**Student:** 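I'd like to ask some things about the structure below.
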Amino acid sequence: MRPLPPGQRERFDFPRFGTTQFAHRLPDRVAVPTLEVQGRVAKTLTLRDPLAGLPRSEVECDFHCVTGWSRRGLRWGGVRFCDFHDRVLLAQARPDPAAGRVQLRGADGAYTALLLEDLLADDVLIADTLDGEPLSRAHGAPLRLVAPAHYGYKWVKHLMRLEFRRPDEGYRMSAFAFMDHPRARVALEERGRGAPGWLLRRLYRPLIAPTVWWFRRATDVRSATR
Ligand SMILES: Nc1nc2c(c(=O)[nH]1)N[C@H]1C(S)=C(S)[C@@H](COP(=O)(O)O)O[C@H]1N2
Ligand SMILES: [Mo]
(Lines give C-alpha, C1' and ligand atoms only; values in the text may rest on other atoms or scores of the structure.)
(Ligands and ions follow the chains in the order given, each with its own letter.)
Protein backbone atom coordinates (compact mmCIF):
# COMPACT_ATOMS: atom_id res chain seq x y z
CA MET A 1 0.00 0.00 0.00
CA ARG A 2 1.17 3.53 -0.70
CA PRO A 3 2.26 5.30 2.49
CA LEU A 4 0.22 8.36 3.42
CA PRO A 5 1.88 11.72 2.70
CA PRO A 6 3.11 13.91 5.57
CA GLY A 7 0.42 14.93 8.08
CA GLN A 8 -2.42 12.82 6.64
CA ARG A 9 -4.64 10.28 8.45
CA GLU A 10 -6.74 7.64 6.77
CA ARG A 11 -10.55 7.64 6.70
CA PHE A 12 -12.52 4.65 5.49
CA ASP A 13 -15.56 6.58 4.27
CA PHE A 14 -15.55 9.29 1.61
CA PRO A 15 -17.62 12.20 2.92
CA ARG A 16 -18.81 15.12 0.83
CA PHE A 17 -16.52 17.92 2.00
CA GLY A 18 -15.40 21.50 1.41
CA THR A 19 -15.51 24.93 2.93
CA THR A 20 -18.87 25.17 4.64
CA GLN A 21 -20.29 27.96 2.46
CA PHE A 22 -20.73 25.32 -0.29
CA ALA A 23 -22.59 22.76 1.80
CA HIS A 24 -25.99 24.18 0.86
CA ARG A 25 -25.11 24.92 -2.76
CA LEU A 26 -25.30 21.42 -4.18
CA PRO A 27 -26.16 22.05 -7.87
CA ASP A 28 -29.14 20.31 -9.47
CA ARG A 29 -28.49 17.39 -11.76
CA VAL A 30 -28.13 18.49 -15.39
CA ALA A 31 -29.18 16.52 -18.47
CA VAL A 32 -26.10 17.34 -20.53
CA PRO A 33 -22.81 18.52 -19.01
CA THR A 34 -21.57 21.84 -20.33
CA LEU A 35 -18.07 23.24 -20.08
CA GLU A 36 -17.11 26.81 -20.97
CA VAL A 37 -13.61 27.79 -22.10
CA GLN A 38 -12.72 31.47 -21.71
CA GLY A 39 -9.94 33.94 -20.96
CA ARG A 40 -6.82 34.26 -23.10
CA VAL A 41 -8.02 32.09 -25.95
CA ALA A 42 -8.45 32.83 -29.67
CA LYS A 43 -12.02 31.51 -29.45
CA THR A 44 -14.26 31.05 -26.42
CA LEU A 45 -16.14 27.75 -26.34
CA THR A 46 -19.35 26.45 -24.80
CA LEU A 47 -19.04 22.68 -25.09
CA ARG A 48 -22.07 20.50 -24.58
CA ASP A 49 -21.06 17.00 -23.56
CA PRO A 50 -17.35 17.94 -23.68
CA LEU A 51 -15.99 14.41 -23.16
CA ALA A 52 -18.02 12.81 -25.97
CA GLY A 53 -15.89 11.01 -28.54
CA LEU A 54 -12.61 11.45 -26.64
CA PRO A 55 -10.42 8.51 -25.52
CA ARG A 56 -11.36 7.37 -22.01
CA SER A 57 -8.93 6.64 -19.19
CA GLU A 58 -9.03 5.40 -15.62
CA VAL A 59 -6.91 6.60 -12.70
CA GLU A 60 -6.65 4.73 -9.41
CA CYS A 61 -5.36 7.04 -6.68
CA ASP A 62 -5.67 8.28 -3.11
CA PHE A 63 -7.47 11.47 -2.12
CA HIS A 64 -5.92 13.92 0.33
CA CYS A 65 -7.88 16.77 1.88
CA VAL A 66 -5.85 19.75 3.05
CA THR A 67 -7.42 19.45 6.51
CA GLY A 68 -5.56 16.15 7.01
CA TRP A 69 -7.90 13.30 6.08
CA SER A 70 -7.18 10.88 3.25
CA ARG A 71 -9.19 8.22 1.48
CA ARG A 72 -7.19 5.55 -0.34
CA GLY A 73 -7.91 3.61 -3.49
CA LEU A 74 -10.54 5.51 -5.48
CA ARG A 75 -10.96 4.58 -9.15
CA TRP A 76 -11.92 7.52 -11.35
CA GLY A 77 -12.94 7.39 -15.02
CA GLY A 78 -13.05 10.14 -17.59
CA VAL A 79 -10.76 11.86 -20.08
CA ARG A 80 -7.19 12.84 -19.33
CA PHE A 81 -6.84 16.62 -19.17
CA CYS A 82 -3.83 16.34 -21.53
CA ASP A 83 -5.96 14.54 -24.15
CA PHE A 84 -8.71 17.12 -23.76
CA HIS A 85 -6.09 19.84 -24.08
CA ASP A 86 -4.54 18.43 -27.25
CA ARG A 87 -7.75 17.46 -29.03
CA VAL A 88 -10.15 20.19 -27.95
CA LEU A 89 -8.41 23.15 -26.33
CA LEU A 90 -5.47 23.44 -28.73
CA ALA A 91 -7.60 22.58 -31.74
CA GLN A 92 -10.57 24.84 -31.04
CA ALA A 93 -9.89 27.42 -28.31
CA ARG A 94 -6.21 28.01 -29.18
CA PRO A 95 -5.00 29.47 -25.85
CA ASP A 96 -2.30 32.15 -25.74
CA PRO A 97 0.96 30.23 -25.17
CA ALA A 98 1.73 32.64 -22.29
CA ALA A 99 -1.49 31.63 -20.49
CA GLY A 100 0.17 29.20 -18.13
CA ARG A 101 -2.52 29.17 -15.46
CA VAL A 102 -6.08 27.89 -15.67
CA GLN A 103 -8.82 29.20 -13.41
CA LEU A 104 -11.32 26.45 -12.55
CA ARG A 105 -14.92 27.17 -11.60
CA GLY A 106 -17.58 24.86 -10.20
CA ALA A 107 -21.33 25.32 -10.68
CA ASP A 108 -21.74 25.93 -6.93
CA GLY A 109 -19.50 29.02 -7.21
CA ALA A 110 -16.26 27.37 -6.05
CA TYR A 111 -13.09 28.77 -7.62
CA THR A 112 -9.44 27.86 -7.69
CA ALA A 113 -6.67 27.54 -10.30
CA LEU A 114 -3.82 25.29 -11.31
CA LEU A 115 -0.76 25.77 -13.49
CA LEU A 116 -1.29 24.36 -16.95
CA GLU A 117 1.85 22.24 -16.48
CA ASP A 118 0.23 20.61 -13.42
CA LEU A 119 -3.01 19.97 -15.33
CA LEU A 120 -1.06 18.30 -18.14
CA ALA A 121 0.37 15.60 -15.82
CA ASP A 122 -0.75 12.22 -17.13
CA ASP A 123 -2.81 11.32 -14.02
CA VAL A 124 -5.06 14.41 -14.19
CA LEU A 125 -8.61 13.64 -15.35
CA ILE A 126 -11.82 15.39 -16.14
CA ALA A 127 -13.81 12.65 -14.44
CA ASP A 128 -17.41 11.55 -14.85
CA THR A 129 -17.29 8.18 -13.04
CA LEU A 130 -16.15 6.97 -9.62
CA ASP A 131 -15.59 3.27 -8.91
CA GLY A 132 -17.34 2.38 -12.16
CA GLU A 133 -20.53 4.36 -11.44
CA PRO A 134 -21.63 7.73 -12.82
CA LEU A 135 -20.35 10.46 -10.55
CA SER A 136 -22.89 11.29 -7.82
CA ARG A 137 -23.99 14.85 -7.17
CA ALA A 138 -22.35 14.69 -3.77
CA HIS A 139 -18.97 13.97 -5.38
CA GLY A 140 -19.21 16.47 -8.22
CA ALA A 141 -21.60 15.46 -11.02
CA PRO A 142 -21.55 15.84 -13.87
CA LEU A 143 -17.79 16.52 -14.21
CA ARG A 144 -15.02 17.04 -11.71
CA LEU A 145 -11.30 17.51 -11.84
CA VAL A 146 -9.11 14.71 -10.46
CA ALA A 147 -5.53 15.84 -9.75
CA PRO A 148 -3.90 13.14 -7.59
CA ALA A 149 -0.69 15.04 -6.76
CA HIS A 150 -2.65 18.00 -5.38
CA TYR A 151 -4.82 18.59 -2.30
CA GLY A 152 -8.56 18.01 -2.64
CA TYR A 153 -9.43 21.70 -2.93
CA LYS A 154 -7.96 21.71 -6.44
CA TRP A 155 -10.29 18.84 -7.48
CA VAL A 156 -13.13 21.17 -8.47
CA LYS A 157 -16.55 19.48 -8.44
CA HIS A 158 -19.37 20.35 -10.87
CA LEU A 159 -16.66 21.77 -13.16
CA MET A 160 -18.27 24.27 -15.55
CA ARG A 161 -15.58 26.69 -16.69
CA LEU A 162 -11.89 26.80 -17.59
CA GLU A 163 -10.38 30.25 -17.94
CA PHE A 164 -6.86 30.72 -19.31
CA ARG A 165 -4.76 33.33 -17.51
CA ARG A 166 -1.17 34.47 -17.48
CA PRO A 167 0.56 33.33 -14.30
CA ASP A 168 1.14 36.97 -13.24
CA GLU A 169 -2.56 37.85 -13.53
CA GLY A 170 -3.78 36.36 -10.27
CA TYR A 171 -6.91 34.28 -9.95
CA ARG A 172 -10.05 34.03 -7.93
CA MET A 173 -10.29 31.54 -5.07
CA SER A 174 -13.12 30.43 -2.83
CA ALA A 175 -11.31 30.78 0.45
CA PHE A 176 -8.93 33.25 2.09
CA ALA A 177 -5.69 33.60 0.14
CA PHE A 178 -3.63 31.82 2.82
CA MET A 179 -5.81 28.73 2.29
CA ASP A 180 -5.11 28.41 -1.46
CA HIS A 181 -1.57 27.53 -2.48
CA PRO A 182 -0.99 28.13 -6.21
CA ARG A 183 0.16 24.51 -6.64
CA ALA A 184 -0.95 22.66 -3.48
CA ARG A 185 1.30 19.63 -4.05
CA VAL A 186 0.61 17.00 -1.40
CA ALA A 187 4.13 15.53 -1.41
CA LEU A 188 5.58 18.94 -0.49
CA GLU A 189 2.82 19.67 2.03
CA GLU A 190 1.90 22.87 0.17
CA ARG A 191 -1.33 23.28 2.16
CA GLY A 192 -1.53 27.07 1.90
CA ARG A 193 0.58 30.17 1.43
CA GLY A 194 2.42 32.23 4.02
CA ALA A 195 2.17 29.53 6.69
CA PRO A 196 3.94 26.15 6.82
CA GLY A 197 2.01 22.96 6.15
CA TRP A 198 2.66 21.53 9.61
CA LEU A 199 1.02 24.59 11.19
CA LEU A 200 -2.05 24.64 8.93
CA ARG A 201 -2.47 20.91 9.47
CA ARG A 202 -2.80 21.55 13.23
CA LEU A 203 -5.22 24.44 12.75
CA TYR A 204 -7.41 22.50 10.31
CA ARG A 205 -7.63 19.13 12.06
CA PRO A 206 -10.27 20.14 14.64
CA LEU A 207 -12.50 21.37 11.79
CA ILE A 208 -12.82 17.95 10.11
CA ALA A 209 -15.55 16.40 12.25
CA PRO A 210 -17.85 19.47 12.35
CA THR A 211 -17.40 20.00 8.59
CA VAL A 212 -18.32 16.39 7.80
CA TRP A 213 -21.39 16.78 10.02
CA TRP A 214 -22.36 20.08 8.40
CA PHE A 215 -22.10 18.70 4.85
CA ARG A 216 -23.96 15.55 5.78
CA ARG A 217 -26.80 17.56 7.27
CA ALA A 218 -26.94 19.81 4.19
CA THR A 219 -26.94 16.97 1.69
CA ASP A 220 -30.21 15.31 0.93
CA VAL A 221 -28.58 11.92 0.87
CA ARG A 222 -31.18 10.19 -1.25
CA SER A 223 -31.26 12.73 -4.06
CA ALA A 224 -27.54 13.35 -3.89
CA THR A 225 -26.15 9.86 -4.15
CA ARG A 226 -27.22 9.16 -7.75
N1 LIG B 1 -17.28 22.82 -6.63
C2 LIG B 1 -16.66 22.46 -5.50
N3 LIG B 1 -15.54 21.73 -5.60
C4 LIG B 1 -14.89 21.35 -4.49
C5 LIG B 1 -15.31 21.74 -3.22
C6 LIG B 1 -16.51 22.50 -3.14
O7 LIG B 1 -17.01 22.86 -2.05
N8 LIG B 1 -17.15 22.84 -4.30
N9 LIG B 1 -14.58 21.38 -2.10
C10 LIG B 1 -13.20 20.98 -2.30
C11 LIG B 1 -12.60 20.34 -1.14
S12 LIG B 1 -11.97 21.38 0.07
C13 LIG B 1 -12.45 19.00 -1.05
S14 LIG B 1 -11.66 18.27 0.25
C15 LIG B 1 -13.04 18.11 -2.08
C16 LIG B 1 -14.00 17.13 -1.43
O17 LIG B 1 -14.48 16.22 -2.37
P18 LIG B 1 -15.71 15.29 -2.03
O19 LIG B 1 -16.84 16.18 -1.58
O20 LIG B 1 -16.00 14.51 -3.27
O21 LIG B 1 -15.26 14.40 -0.89
O22 LIG B 1 -13.72 18.80 -3.11
C23 LIG B 1 -13.11 20.02 -3.48
N24 LIG B 1 -13.79 20.55 -4.62
MO1 LIG C 1 -10.54 19.94 1.36
Side-chain angles (χ1 to χ4, degrees), residues 5 7-30 33-36 59 61-78 103-114 124-131 133-163 172-176 178-181 184-186 189-192 197 200-201 203-221 224-226:
Q8 296 299 114
R9 293 185 195 164
E10 185 164 13
R11 273 186 89 97
F12 296 94
D13 60 352
F14 186 39
R16 177 172 173 246
F17 203 88
T19 40
T20 49
Q21 79 254 40
F22 297 108
H24 288 279
R25 296 198 208 155
L26 185 60
D28 289 335
R29 186 169 279 291
V30 292
T34 300
L35 188 62
E36 298 168 356
V59 166
C61 64
D62 302 338
F63 174 89
H64 308 292
C65 173
V66 71
T67 59
W69 64 272
S70 294
R71 167 64 205 256
R72 295 183 202 256
L74 299 167
R75 189 166 49 89
W76 303 90
Q103 169 102 58
L104 308 161
R105 186 200 201 276
D108 56 358
Y111 286 92
T112 189
L114 275 170
V124 174
L125 286 186
I126 301 175
D128 59 4
T129 71
L130 169 57
D131 290 333
E133 302 279 344
L135 206 55
S136 65
R137 281 171 74 214
H139 289 301
L143 301 173
R144 96 176 284 172
L145 193 79
V146 165
H150 305 266
Y151 285 114
Y153 64 87
K154 298 295 189 184
W155 300 35
V156 172
K157 296 183 278 191
H158 327 292
L159 182 65
M160 59 161 282
R161 189 183 302 150
L162 306 174
E163 207 175 309
R172 190 166 162 184
M173 58 204 92
S174 302
F176 297 112
F178 81 87
M179 298 169 81
D180 190 310
H181 189 283
R185 288 168 293 183
V186 176
E189 214 180 342
E190 291 171 337
R191 291 182 198 268
L200 291 175
R201 173 211 301 177
L203 295 174
Y204 288 155
R205 186 168 299 283
L207 304 176
I208 297 173
T211 304
V212 169
W213 179 85
W214 189 256
F215 269 82
R216 192 173 291 146
R217 209 185 60 149
T219 306
D220 173 355
V221 175
T225 36
R226 286 284 173 270

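Because the structure is predicted, anything quoted here is derived from the model rather than measured. In each ligand, atom 1 is the first atom listed, and ligand 1 is the first ligand listed.
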**Student:** Does the ring of Trp213 carry Arg216 above it, NZ/CZ under 6.0 angstrom from centre and within 45° of its axis?
**Tutor:**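 Not flagged: Arg216 not positioned over aromatic ring of Trp213.
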**Student:** Examine distances only and state if a side-chain atom of Gln103 and a backbone atom of Arg172 form a donor-acceptor pair shorter than 3.5 Å.
**Tutor:** yes
**Student:** Run Arg11 and Phe63 through side-chain contact (heavy atoms from CB on, under 4.5 Å) and show every step you take.
**Tutor:** CA-CA 10 Å; Arg11 273 186 89 97; Phe63 174 89; over 6 Å; no
**Student:** For a ring-ring contact (aromatic ring centres under 6.0 Å, His included) with Phe17, tell me which candidate from Trp155, Trp69, Tyr153, Trp214 qualifies.
**Tutor:**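 Single pass found, and it is Trp69.
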**Student:** Pick whichever of Trp155, Phe22, Phe63 has a heavy atom sitting closest to atom 15 (C) of ligand 1.
**Tutor:** Phe63
**Student:** Evaluate Thr19 for polar contact with ligand 1, using N/O atom pairs at a separation under 3.5 Å.
**Tutor:**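 Thr19 vs ligand 1: no N/O contact under 3.5 Å.
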**Student:** Going by the atom numbers of ligand 1, which of them fall below 4.0 Å from some non-hydrogen atom of Tyr153?
**Tutor:**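 Near Tyr153, the atoms of ligand 1 are 10 (C), 11 (C), 12 (S).
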**Student:** Pull out every atom of ligand 1 sitting under 4.0 Å from any heavy atom of Val156, numbered as shown with elements.
**Tutor:** 3 (N), 24 (N)
**Student:** Mind checking whether Asp128 and Pro33 have side chains closer than 4.5 Å, heavy atoms only?
**Tutor:** no
**Student:** Please check whether Phe17 reaches ligand 1 - meaning an N/O of the residue sits under 3.5 Å from an N/O of the ligand, judged on distance alone.
**Tutor:**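 Between Phe17 and ligand 1, an N or O pair is found under 3.5 Å apart.
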**Student:** Please report which non-hydrogen protein atom sits nearest to atom 23 (C) of ligand 1, along with the residue it belongs to and the distance in Å to one decimal place.
**Tutor:** Gly152 O, 3.2 Å
**Student:** Looking at ligand 1, does any of its N/O atoms fall within less than 3.5 Å of an N/O of Lys157?
**Tutor:**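 In this structure, Lys157 places an N or O atom under 3.5 Å from an N or O of ligand 1.
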**Student:** With atoms numbered from 1 as shown, which atoms in ligand 1 lie under 4.0 angstrom from a non-hydrogen atom of Ala110?
**Tutor:** 1 (N), 2 (C), 8 (N)
**Student:** Considering only non-hydrogen protein atoms, determine which one is nearest to atom 18 (P) of ligand 1 and report residue, atom name and distance to 0.1 Å.
**Tutor:** His139 ND1, 3.5 Å
**Student:** Using heavy atoms and a 4.0 Å limit, tell me yes or no: is Arg71 in contact with ligand 1?
**Tutor:**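 Contact absent.
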**Student:** Counting only nitrogen or oxygen atoms and a 3.5 angstrom limit, does Arg16 reach ligand 1?
**Tutor:** no
**Student:** Are Thr129 and Arg75 packed together at the side-chain level, in the sense that at least one heavy-atom pair is separated by less than 4.5 angstrom?
**Tutor:**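 Result no, sub-4.5 Å side-chain heavy-atom pair not found.
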**Student:** Could you check atom 22 (O) of ligand 1 against the protein and tell me its nearest heavy-atom contact, residue, atom and distance included?
**Tutor:** Arg144 NH2, 3.3 Å
**Student:** Taking the side chain as C-beta and beyond, is there a heavy-atom pair between Asp108 and Leu26 under 4.5 Å?
**Tutor:**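 When only atoms from C-beta onward are counted, Leu26 and Asp108 do not touch, as no gap falls below 4.5 Å.
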**Student:** Could you tell me whether the side chains of Asp180 and Thr112 share a donor-acceptor contact shorter than 3.5 Å?
**Tutor:**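 The answer is yes; a qualifying pair exists.
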**Student:** What protein heavy atom lies closest to atom 8 (N) of ligand 1? Include the residue and the distance to one decimal.
**Tutor:** Asp108 OD2, 2.7 Å
**Student:** Can you find a pair of side-chain heavy atoms, one from Arg144 and one from Leu125, that are under 4.5 Å apart?
**Tutor:** no
**Student:** Just going by heavy-atom distances, which of Cys65, Pro15, Ala107 is nearest to atom 14 (S) of ligand 1?
**Tutor:** Cys65
**Student:** I want to check something: taking the side chain as every heavy atom from C-beta on, are Tyr111 and Glu163 in contact at a cut-off of under 4.5 Å?
**Tutor:** no
**Student:** With a cutoff of 4.0 Å, is Gly140 in contact with ligand 1, counting heavy atoms of the residue only?
**Tutor:** no
